[in-house]
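Structure, as structure tokens:
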Amino acid sequence: GETTDPNDFSSTTSPGNTTYYISFSNGNDSNDGKSEDKPFKNLGKINSITYKAGDKIMFKSGDTWRGYFKLLGSGDNSNKIEISNYGTGTKPKIDGNGYQASIFLENVENINIDGLQLTNQASHKLSNGETKLMNDSERSGEDERYGLLVLRYGDGRNISNISIKNLIISDIYPTPSDNSKKHQGYGIRFESYNNSQINYYDNIEIDNVEISLTGHYGIHIVNRMSPANEDFYHRNIKITNSKFTNTGGSGIVLARCKD
């Protein structure tokens with residue numbers, strides 16, 4: 001069967017500098033995942049691994065998964081974690097299937113994402129009526145929905161070096177019971193919640209993304225600090241060569257950002 005839940009697998013930690021392959025069409029989660037001939041199959045399997053600098057997670061072109069990929073682990077400034085594709089054909093697709101995000105980056109940094117498709121408009125409820133929740137998260141897709149969600153929260157540190165290239169994101173809509181929230185679907189959001197410490201994103205690069213059919217903004221970068229403090233605005237943000245079509249709001253909205 002298809003599973004996105006890492007609790008269906010034993011958790012492991014990568015040694016780093018390792019390439020992992022995943023193919024829904026011909027993978028097997030009992031494989032070691034370290035070659036195109038022996039790829040993993042399910043999102044739950046790659047969600048059960050904590051990654052380290054230099055790791056690569058490669059999705060097979062032409063394949064589709066339903067669920068979410070929540071990346072565990074950060075790269076280094078000079079040796080990032082890469083999420084990309086292998087093989088020929090259409091970009092591999094992750095259908096978030098009602099979870100809040102198709103890809104979720106939570107308090108991780110030094111990440112490159114390249115060459116994927118993301119969509120997310122299915123119901124936020126499981127067949128038994130329970131709400132779909134990503135592992136170790138209470139964030140539901142009922143009222144807010146994302147293709148890619150990059151979240152920084154809690155006390156800690158600034159988040160640096162997130163690169164997003166060659167993505168196609170479409171059909172991002174929540175499934176709320178309150179119709180006033182039905183527009184809250186976003187292609188990409190960078191969001192920072194601040195508690196006793198104030199932190200920011202530094203060096204966001206977005207290039208050649210195509211975003212269409214979203215409830216609201218295509219790209220939204222926001223800092224929720226209160227009150228606003230310019231010293232902690234997100235910075236070094238570059239968005240190039242990108243196209244926005246039939247978004248429910250503006251293509252790009254930057255809030256509390258500079259440079």
Side-chain angles (χ1 to χ4, degrees), residues 51-55 57 69-84 100-116 118 137 139 144-169 172 184-211 214 216-244 247-259:
Y51 300 93
K52 291 187 176 180
D55 281 339
I57 303 100
F69 175 36
K70 179 181 177 181
L71 178 68
L72 301 179
S74 291
D76 290 338
N77 186 47
S78 60
N79 195 20
K80 296 177 176 60
I81 291 174
E82 297 185 17
I83 303 166
S84 189
Q100 193 178 74
S102 301
I103 296 181
F104 186 25
L105 305 183
E106 182 180 46
N107 290 336
V108 296
E109 62 182 347
N110 296 307
I111 310 295
N112 295 342
I113 302 177
D114 187 355
L116 303 176
L118 306 177
S137 175
R139 300 178 68 92
E144 295 183 3
R145 198 71 63 88
Y146 307 97
L148 169 63
L149 174 61
V150 186
L151 180 68
R152 195 222 69 79
Y153 77 94
D155 299 339
R157 53 191 170 79
N158 304 319
I159 299 292
S160 300
N161 305 324
I162 306 291
S163 173
I164 301 162
K165 297 183 178 181
N166 305 311
L167 297 193
I168 299 173
I169 303 175
I172 309 295
Q184 293 184 156
Y186 304 83
I188 297 171
R189 177 180 279 177
F190 284 77
E191 187 163 13
S192 179
Y193 284 91
N194 297 285
N195 296 337
S196 63
Q197 297 182 29
I198 302 176
N199 301 93
Y200 53 82
Y201 292 110
D202 185 4
N203 193 26
I204 297 171
E205 182 180 6
I206 300 173
D207 181 62
N208 193 34
V209 300
E210 296 182 19
I211 299 178
T214 61
H216 211 27
Y217 307 142
I219 296 172
H220 190 204
I221 302 176
V222 59
N223 196 325
R224 302 293 188 188
M225 74 179 86
S226 180
N229 181 337
E230 186 177 355
D231 291 340
F232 297 98
Y233 283 6
H234 304 316
R235 63 208 57 197
N236 297 316
I237 299 165
K238 184 178 181 181
I239 302 172
T240 53
N241 305 312
S242 295
K243 181 179 180 181
F244 306 88
T247 55
S250 301
I252 301 170
V253 173
L254 308 181
R256 297 176 177 172
C257 300
K258 61 182 182 181
D259 305 328

(request) Could I get the full list of side chain to side chain contact (heavy atoms under 4.5 Å, CB included) partners for Ser78, not counting sequence neighbours? (result) none

(message) Just verifying a value: how many Å separate Ile103 CD1 and Leu167 CG, rounded to the nearest 0.5 Å?
(response) 7.0 Å

(request) Give the intermediate values and the outcome of side chain to side chain contact (heavy atoms under 4.5 Å, CB included) for residues Ile83 and Phe69. (result) CA-CA 10 Å; Ile83 303 166; Phe69 175 36; 3.7 Å; yes

(message) Tell me every residue that passes side chain to side chain donor-acceptor pair (under 3.5 Å) with Asn79, counting only those two or more places apart in sequence or in another chain.
(response) Asn17

(message) Looking at every non-hydrogen atom in both residues, tell me the closest pair between Ile162 and Val108 and how far apart they are.
(response) CD1-O, 3.9 Å

(request) Give, for atom OH of Tyr146 and atom OG of Ser102, the distance between the pair rounded to the nearest 0.5 Å. (result) 12.5 Å

(message) Ignoring hydrogens, what is the shortest heavy-atom contact between Ile172 and Arg145? Give both atom names and the distance.
(response) CG2-O, 3.5 Å

(request) Not counting sequence neighbours, which residues clear side chain to side chain contact (heavy atoms under 4.5 Å, CB included) with Lys258? List them please. (result) Glu230, Tyr233, Arg235

(message) As an exercise, state the distance from CZ of Arg256 to CD1 of Ile221, rounded to the nearest 0.5 Å.
(response) 15.0 Å

(message) When you compare the side chain of Ile81 with that of Ile57, does any pair of heavy atoms fall below 4.5 Å?
(response) yes

(request) Check for a donor-acceptor pair, side chain of Ser242 on one end and backbone N or O of Val209 on the other, with a separation under 3.5 Å. (result) yes

(request) Tell me, with the steps shown, if Val150 and Ile204 meet side chain to side chain contact (heavy atoms under 4.5 Å, CB included). (result) CA-CA 11 Å; Val150 186; Ile204 297 171; over 6 Å; no

(message) So, using salt bridge (Lys or Arg N to Asp or Glu O under 4.0 Å) as the criterion, who are the partners of Glu82 when residues are at least two apart?
(response) none

(message) To the closest 0.5 Å, what do you measure between SG (Cys257) and CD1 (Ile237)?
(response) 3.5 Å

(message) Run Leu105 and Leu148 through side chain to side chain contact (heavy atoms under 4.5 Å, CB included) and show every step you take.
(response) CA-CA 8 Å; Leu105 305 183; Leu148 169 63; 4.2 Å; yes

(request) State whether the side chain of Glu109 and the backbone N or O of Ser160 hold a donor-acceptor pair below 3.5 Å, judged by distance alone. (result) yes

(request) Could you please spell out the steps behind the side chain to side chain donor-acceptor pair (under 3.5 Å) verdict for Asn208 and Asn241? (result) CA-CA 5 Å; Asn208 193 34; Asn241 305 312; over 6 Å; no

(request) Can you see which heavy atom on Ser192 is nearest to which on His234, and at what distance? (result) CB-CE1, 3.6 Å

(request) May I ask you to check whether Glu191 and Tyr193 show a side-chain donor-acceptor distance below 3.5 Å? (result) yes

(message) To the nearest 0.5 Å, what is the distance between CD1 on Ile219 and CZ on Arg189?
(response) 13.0 Å

(request) State the CG-OG distance between Leu149 and Ser137, to the nearest 0.5 angstrom. (result) 8.5 Å

(request) Compare every heavy atom of Ile211 with every heavy atom of Thr247, then report the nearest pair and how far apart it is. (result) CG2-O, 4.1 Å

(message) Between Asp202 (side chain only) and Asn158 (backbone N and O only), is there a donor and an acceptor less than 3.5 Å apart?
(response) no

(request) Sort out for me which residue in Arg139, Arg152, Lys70 forms a salt bridge (Lys or Arg N to Asp or Glu O under 4.0 Å) with Glu106. (result) Lys70

(message) If I compare all heavy atoms of Glu144 with all of Gln100, which pair ends up nearest, and what's the gap?
(response) O-CG, 3.3 Å

(request) Please tell me if the side chains of Phe244 and Thr214 come closer than 4.5 Å, counting only heavy atoms from C-beta onward. (result) no

(request) Scan side-chain atoms only and decide if Asn236 and Asn203 contain a donor-acceptor pair under the 3.5 Å cut-off. (result) no

(message) Test side chain to side chain contact (heavy atoms under 4.5 Å, CB included) on Ile206 and Phe190; report intermediate values, then the result.
(response) CA-CA 12 Å; Ile206 300 173; Phe190 284 77; 4.2 Å; yes

(request) Take Asp207 and Thr240 through the test side chain to side chain donor-acceptor pair (under 3.5 Å) and record every step on the way to the result. (result) CA-CA 5 Å; Asp207 181 62; Thr240 53; 2.6 Å; yes

(message) Tell me every residue that passes side chain to side chain contact (heavy atoms under 4.5 Å, CB included) with Lys52, counting only those two or more places apart in sequence or in another chain.
(response) Thr13, Asp55

(request) Would you please classify the geometry between the Tyr186 ring and the His216 ring as parallel, tilted or perpendicular, with 30° and 60° separating the classes? (result) perpendicular

(request) Ignoring hydrogens and angles, tell me if any N or O in the side chain of Asn223 forms a donor-acceptor pair with the backbone of Asn199 under 3.5 Å. (result) yes

(message) Once side chain to side chain contact (heavy atoms under 4.5 Å, CB included) is applied, do any residues pair with Asn110, and if so which ones, sequence neighbours excluded?
(response) Asn77, Lys80, Asn161

